[in-house]
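Down below is the structure, laid out as structure tokens.
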Amino acid sequence: MSAEPRINDRIRVPEVRLVGPSGEQVGIVPLAKALELAQEYDLDLVEVAANARPPVCKLMDYGKFKYESAMKAREARKNQAHTVIKEMKLRPKIDPHDYDTKKGHVVRFLKQGDKVKITIMFRGREQSRPELGYRLLQRLAEDVQDLGFVESNPKQDGRNMIMVLGPHKKKTEAMAEARQAQEARKADAKANPGRSQNAAESDADADADADVDVEAPAEEHAEA
């Protein structure tokens, strides 16, 4: 069934409770009188409360109303924040350089307002040393504690050990901050048109890193 309200001659009741164009209460009037008023105002008679007794109808420009409603719904979808879980995979004996690189990714994800699933992968004899993975997860949690918290404590899952970090910052806040930073960089570029091409490219890279992709898949994998 159509979700759209009945309008004008599709309304089939003897009388309606009429609301004027500015929201004023006209009262209960015969349907014919309501349709006559709609023609006088060059507006539509729209049934806004079909289950009321009698139904409530309002005089309005229905085409304009539909357009404005569609724009509001579009803006709401644009600002909607979807929960995204990123995944970072590490080895228990990861070298310092690789650890710093992986930690950098986790920091970026948390700044974007995303959750991060940290997976420690054990191979061969490493499976007999689960404490190595536990200590590594604890270290990572401490290194990013300003940006996130341990949402799910480390637990063994077959050959892997898993921990989930949650961001302190809400996704909507991260999105707003990313947009503000991007606008600030654009304003700075206009104010300083003589900047070098390298600086402009650097800003473009920063925009890409700061952007929050709300349409991303549920998990993003990064192998150690």
Side-chain angles (χ1 to χ4, degrees), residues 79-186 188-189 195-224:
N79 294 327
Q80 187 176 5
H82 299 279
T83 299
V84 177
I85 299 180
K86 308 289 188 177
E87 182 173 13
M88 187 60 57
K89 294 184 177 182
L90 298 83
R91 295 290 304 280
K93 296 181 180 180
I94 187 170
D95 67 61
H97 175 73
D98 286 343
Y99 174 80
D100 288 339
T101 300
K102 299 292 185 179
K103 184 181 71 173
H105 289 311
V106 173
V107 166
R108 179 164 57 89
F109 295 150
L110 292 173
K111 283 183 176 179
Q112 291 175 175
D114 294 322
K115 296 182 180 181
V116 188
K117 176 183 176 183
I118 312 296
T119 301
I120 304 295
M121 302 179 298
F122 296 95
R123 294 176 183 173
R125 295 180 180 180
E126 292 175 345
Q127 297 180 62
S128 64
R129 301 288 305 279
E131 68 277 6
L132 295 177
Y134 184 79
R135 285 201 295 267
L136 182 58
L137 291 176
Q138 281 189 315
R139 174 188 172 190
L140 181 59
E142 291 174 0
D143 286 346
V144 300
Q145 61 183 342
D146 291 341
L147 298 171
F149 61 95
V150 178
E151 185 173 284
S152 178
N153 289 316
K155 63 180 180 181
Q156 197 76 27
D157 182 16
R159 295 185 177 183
N160 300 328
M161 182 175 288
I162 297 171
M163 176 181 73
V164 177
L165 296 173
H168 291 313
K169 186 183 300 181
K170 293 182 179 179
K171 184 83 171 182
T172 50
E173 295 174 355
M175 292 171 65
E177 289 183 6
R179 285 195 295 267
Q180 290 173 0
Q182 188 174 22
E183 290 170 1
R185 284 191 291 273
K186 289 180 179 179
D188 180 64
R195 291 188 314 159
S196 67
Q197 182 65 27
N198 288 340
E201 291 176 355
S202 176
D203 280 353
D205 291 340
D207 285 344
D209 286 342
D211 242 356
V212 179
D213 182 9
V214 296
E215 299 299 331
E219 294 188 352
E220 179 173 300
H221 299 273
E223 296 286 352

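If you're wondering where the values come from, they're calculated on a predicted model, not measured in any experiment. Just so you know, these numbers use all the heavy atoms, side chains as well, and skip hydrogens, waters and symmetry mates.
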Heavy atoms, side chains only, cut-off 4.5 Å: are Met163 and Val150 in contact?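 Of all side-chain heavy-atom pairs linking Val150 with Met163, at least one is under 4.5 Å.
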
What I'd like to find out is whether the side chain of Arg91 reaches to under 4.5 Å of the side chain of Glu126, using heavy atoms alone.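 In contact.
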
Would you give the length of the straight line joining atom [atom1] of [X] to atom [atom2] of [Y], rounded to the nearest 0.5 angstrom?
X: Leu136; Y: Ile120; atom1: CG; atom2: CD1; answer: 4.0 Å
X: Ile85; Y: Leu165; atom1: CD1; atom2: CG; answer: 11.5 Å
X: Lys117; Y: Lys89; atom1: NZ; atom2: NZ; answer: 8.0 Å

Only one of Ile118, Leu90, Val107 clears side chain to side chain contact (heavy atoms under 4.5 Å, CB included) with Lys102; which?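 Checked Ile118, Leu90, Val107 against Lys102; only one passes side chain to side chain contact (heavy atoms under 4.5 Å, CB included): Leu90.
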
So, for Pro92 and Leu132, which heavy atoms are closest and what is the spacing to 0.1 Å?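 Looks like CB-CB, 4.1 Å.
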
Donor-acceptor pairs are to be reported for all side-chain atoms of residues 140-148 against protein atoms at under 3.5 Å, with residues two or more places apart or in another chain.
residue	atom	partner	partner atom	Å
Asp143	OD2	Tyr99	OH	2.5

Provide the full list of side-chain hydrogen bond (donor to acceptor under 3.5 Å, both in side chains) pairs with a residue in residues 150-168, sequence neighbours left out, each pair given once.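 Only Lys115-Glu151 qualify under side-chain hydrogen bond (donor to acceptor under 3.5 Å, both in side chains).
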
Once ring pair (Phe, Tyr, Trp, His ring centres under 6.0 Å) is applied, what residue pairs with a partner in residues 114-145 remain, sequence neighbours excluded?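 Pairs touching residues 114-145 that pass the test: none.
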
